[in-house]
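To start, the structure under review is shown below, and the notes come after it.
Values reported hereafter were calculated over all heavy atoms of this structure, with side chains retained and with hydrogens, waters and symmetry mates removed. A quick note: this is a predicted structure, and the numbers were derived from the prediction, not measured.
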Amino acid sequence: MRQCLFVQTADITFFEPSFPGDTTGYVEQVFSRAVNILLPERQQIFTLLSTDCDNGPNSCRLALEHCHHLFQPGERVSFHNNGINIGTDKRIDFSRCTRWQPDAPYLTQARIKETDWQSLAQITQASVEQSASLFYFHSGNIFYEEMSRLLQLHRVQLIAALRAGNCDAIENEITGLLGLGIGLTPSGDDYLAGLSAFLFVDGHPARKYRDNFISVLEREKHKTTLLSAITLREAIDQRYRESIHNFINQVVSGDLENTQQLINEIKKIGSSSGCDMLCGMADAFALTRYDGENHVDQDCN
């Protein structure tokens, strides 16, 4: 007899016709509040989240507070109509869940001119300077210090390349950041995800560089983990965690009253992923600053 675990909310991916029919996979990682399921043949990863997590791409939230006591790495996973079987004793049931499909944000030219982007960038950046972000490593570990130096170097050079519209340099610096860091989603990838999340909003003048980001990711994805490559591609396609959606929607609507609260929610993502993403978002806000010349509103050199 399988224990039935009901899904509360699920990303729209779980309801698409292309969603794995009789595909099999296995539990790859188990954390306190998340379980990653790998489908090797499709090179896809789906995530089961505990009830207190926010929604995200390729994820569903279970009516469950903790995951680590129920799931084990290596358990076989099979997908069926309206459910997922895990191991020999668990079934994930989608029959009662709500679909999560947020509206895509849009940035108007009026909002670009009216918003104090520099102040928003400074507030966002200040919130992570004393955080766990590898961009701001402050200890005596030489390995991490060097990694932090490289992250900042490629970050500065990427922003300069975006301002200049130098596509060769843009792709070189993306390559330098991709896979740079530690963990399932290295800091360089998380930074690029945060940068992409806002730069490629519909209506943003930097959206023209989207193809450059995709090109590098497709060519160099072997440098990073599968989960990180998927997360970055989703961010480029404007699919990211609910907390990030909430922040971006507030920004494009011009409502900045709860900025710090929204930033704090993003900082809860992973051990440092949210902070690294905020570094990218801070730079994206600074790039959006309207000063008459509009640095990012130009073609590649």
Mind checking whether L64 and V35 sit in one hydrophobic cluster, side chains of I, L, V, M, F, W, Y counted as touching below 4.5 Å? yes

Tightest non-hydrogen contact, residues A132 and S271, listed as CB-O, 3.8 Å

Which label fits F247 and F285: parallel for a plane angle under 30°, tilted from 30 to 60°, or perpendicular past 60°? perpendicular

Heavy atoms, side chains only, cut-off 4.5 Å: are L5 and R91 in contact? no

Non-neighbouring partners of E129 that pass side-chain contact (heavy atoms from CB on, under 4.5 Å), sequence neighbours left out: Q125, Y136

Any side-chain heavy atom of T259 sitting closer than 4.5 Å to one from V251? no

When you check the side-chain N and O atoms of E171 and N212, is any donor under 3.5 Å from an acceptor? yes

Would you indicate whether E218, at its atom CD, is surrounded by more than 12 heavy atoms from other residues, nucleotides or ligands within a distance under 6.0 Å? yes

Test item: S133 side-chain N/O and S131 main-chain N/O as donor-acceptor pair under 3.5 Å: no

Nearest 0.5 angstrom please: H154 NE2 to L192 CG, how far? 11.0 Å

Could you list the residues that satisfy salt bridge (Lys or Arg N to Asp or Glu O under 4.0 Å) with E146, not counting sequence neighbours? R149

R61 versus T98: any side-chain heavy-atom pair under 4.5 Å? no

With sequence neighbours left out, the residues meeting side-chain hydrogen bond (donor to acceptor under 3.5 Å, both in side chains) with S139 are none

R289 and D116, any side-chain heavy atoms less than 4.5 Å apart: no

Please answer: with hydrophobic residues joined when any side-chain heavy atoms are less than 4.5 Å apart, are W100 and F94 in the same cluster? no

Checking side-chain polar atoms at under 3.5 Å, does T288 have a donor or acceptor matched by the opposite partner on H204? yes

Please give me the minimum heavy-atom distance between V128 and C275, naming the atom from each residue. CG1-O, 3.7 Å

Verify the cluster assignment for L151 and I142: are they in a single hydrophobic cluster under the rule of side-chain heavy atoms below 4.5 Å apart? no

Name all residues meeting the side-chain contact (heavy atoms from CB on, under 4.5 Å) criterion together with R210; count only those two or more places apart in sequence or in a different chain, and write none if there are none. F200, R207, I214, R233, I236, D237

Distance from L162 atom CG to Y209 atom OH, nearest 0.5 Å? 6.5 Å

If the condition is salt bridge (Lys or Arg N to Asp or Glu O under 4.0 Å), which residues does R155 pass it with, not counting sequence neighbours? D283

Take F46 and F14, measure what ring-ring contact (aromatic ring centres under 6.0 Å, His included) needs, and give me the verdict at the end. CA-CA 9 Å; F46 293 97; F14 288 89; 5.3 Å; yes

With sequence neighbours left out, the residues meeting side-chain hydrogen bond (donor to acceptor under 3.5 Å, both in side chains) with N249 are none

Roughly how far, to the nearest 0.5 Å, is CZ of F135 from SG of C279? 5.5 Å

How long is the straight-line distance from CD1 of I37 back to CG of L48, given to the nearest 0.5 Å? 4.0 Å

Just jot down the side-chain contact (heavy atoms from CB on, under 4.5 Å) partners of Q250, sequence neighbours excluded, or say none. S253, D255, N258, L262

Determine, step by step, whether R241 and I266 satisfy the side-chain contact (heavy atoms from CB on, under 4.5 Å) criterion, reporting the C-alpha distance in whole Å, the side-chain angles of both residues, the deciding distance to 0.1 Å, and the verdict. CA-CA 9 Å; R241 293 281 288 268; I266 296 174; over 6 Å; no

Determine whether V7 and F15 fall in the same hydrophobic cluster, where Ile, Leu, Val, Met, Phe, Trp and Tyr are linked whenever their side-chain heavy atoms lie under 4.5 Å apart. yes

Mind checking side-chain contact (heavy atoms from CB on, under 4.5 Å) for Y144 and listing every partner two or more places apart, or none if nothing turns up? L134, F137, N141, I182

Answer with yes or no whether the side chains of Q8 and T51 bring together a donor and an acceptor at under 3.5 Å. yes

So among I269, I248, I263, N55, which one has a side chain to side chain contact (heavy atoms under 4.5 Å, CB included) with S243? I269

Might you point out which heavy atoms bring C67 and V30 nearest each other, and give the distance in Å? O-CG1, 4.2 Å

Heavy-atom pair of closest approach, residues G25 and P40: CA-CD, 4.1 Å

Before you tell me yes or no, could you show the steps for L39 and F79 under side-chain contact (heavy atoms from CB on, under 4.5 Å), namely the whole-Å CA-CA distance, both residues' side-chain angles and the distance that decides it to 0.1 Å? CA-CA 10 Å; L39 280 61; F79 292 78; 3.5 Å; yes

For E114, what residues pass the side-chain hydrogen bond (donor to acceptor under 3.5 Å, both in side chains) criterion, not counting sequence neighbours? R111

Pick out which of T185, D190, D189 makes a side-chain hydrogen bond (donor to acceptor under 3.5 Å, both in side chains) with S228. D189

Going hydrophobic residue to hydrophobic residue with side-chain gaps under 4.5 angstrom, can you get from L199 over to V216? yes

For the ring pair F198 and W117, is the centre-to-centre distance below 6.0 Å? yes

List, by chain and number, the other hydrophobic cluster members for L226, where Ile, Leu, Val, Met, Phe, Trp and Tyr join if side-chain heavy atoms come within less than 4.5 Å, directly or indirectly. Y26, F31, L38, I45, L184, L227, I230

If you define the side chain from C-beta out and look only at heavy atoms, does anything of S50 sit under 4.5 Å from E65? no

Are any of the side-chain nitrogens in R99 or D11 under 4.0 Å away from the carboxylate oxygens of its partner? no

Over all heavy atoms of both residues, which pair between A197 and Q238 is shortest? Give the atoms and the distance, please. O-NE2, 3.1 Å

Distance-minimising heavy-atom pair for P102 and H245: CG-NE2, 3.6 Å

Members sharing L49's hydrophobic cluster, built from side-chain contacts under 4.5 Å between Ile, Leu, Val, Met, Phe, Trp and Tyr, are none

Min side-chain heavy-atom separation T175-K223 under 4.5 Å: yes

Separation between CD (Q260) and OG (S127), nearest 0.5 Å, reads 5.5 Å

Can you list the steps and then say if K90 with E75 is a salt bridge (Lys or Arg N to Asp or Glu O under 4.0 Å)? CA-CA 10 Å; K90 294 174 288 294; E75 286 186 300; 2.8 Å; yes

Any side-chain donor-acceptor pair under 3.5 Å between E234 and N58? yes

Answer yes or no: does atom CZ of R2 have more than 12 heavy-atom neighbours from other residues, nucleotides or ligands under 6.0 Å? yes

Interatomic spacing from OG1 in T124 to CG in L278 - rounded to 0.5 Å: 6.5 Å

Under 4.5 Å between any side-chain heavy atoms of L287 and R163, yes or no? yes

Are C97 and T9 packed together at the side-chain level, in the sense that at least one heavy-atom pair is separated by less than 4.5 angstrom? no

Go through the steps for N246 and E265 under the test side-chain contact (heavy atoms from CB on, under 4.5 Å), then give the verdict. CA-CA 10 Å; N246 292 341; E265 288 301 311; over 6 Å; no

Applying side-chain hydrogen bond (donor to acceptor under 3.5 Å, both in side chains), can you list everything that pairs with D211, at least two apart in sequence or on another chain? none

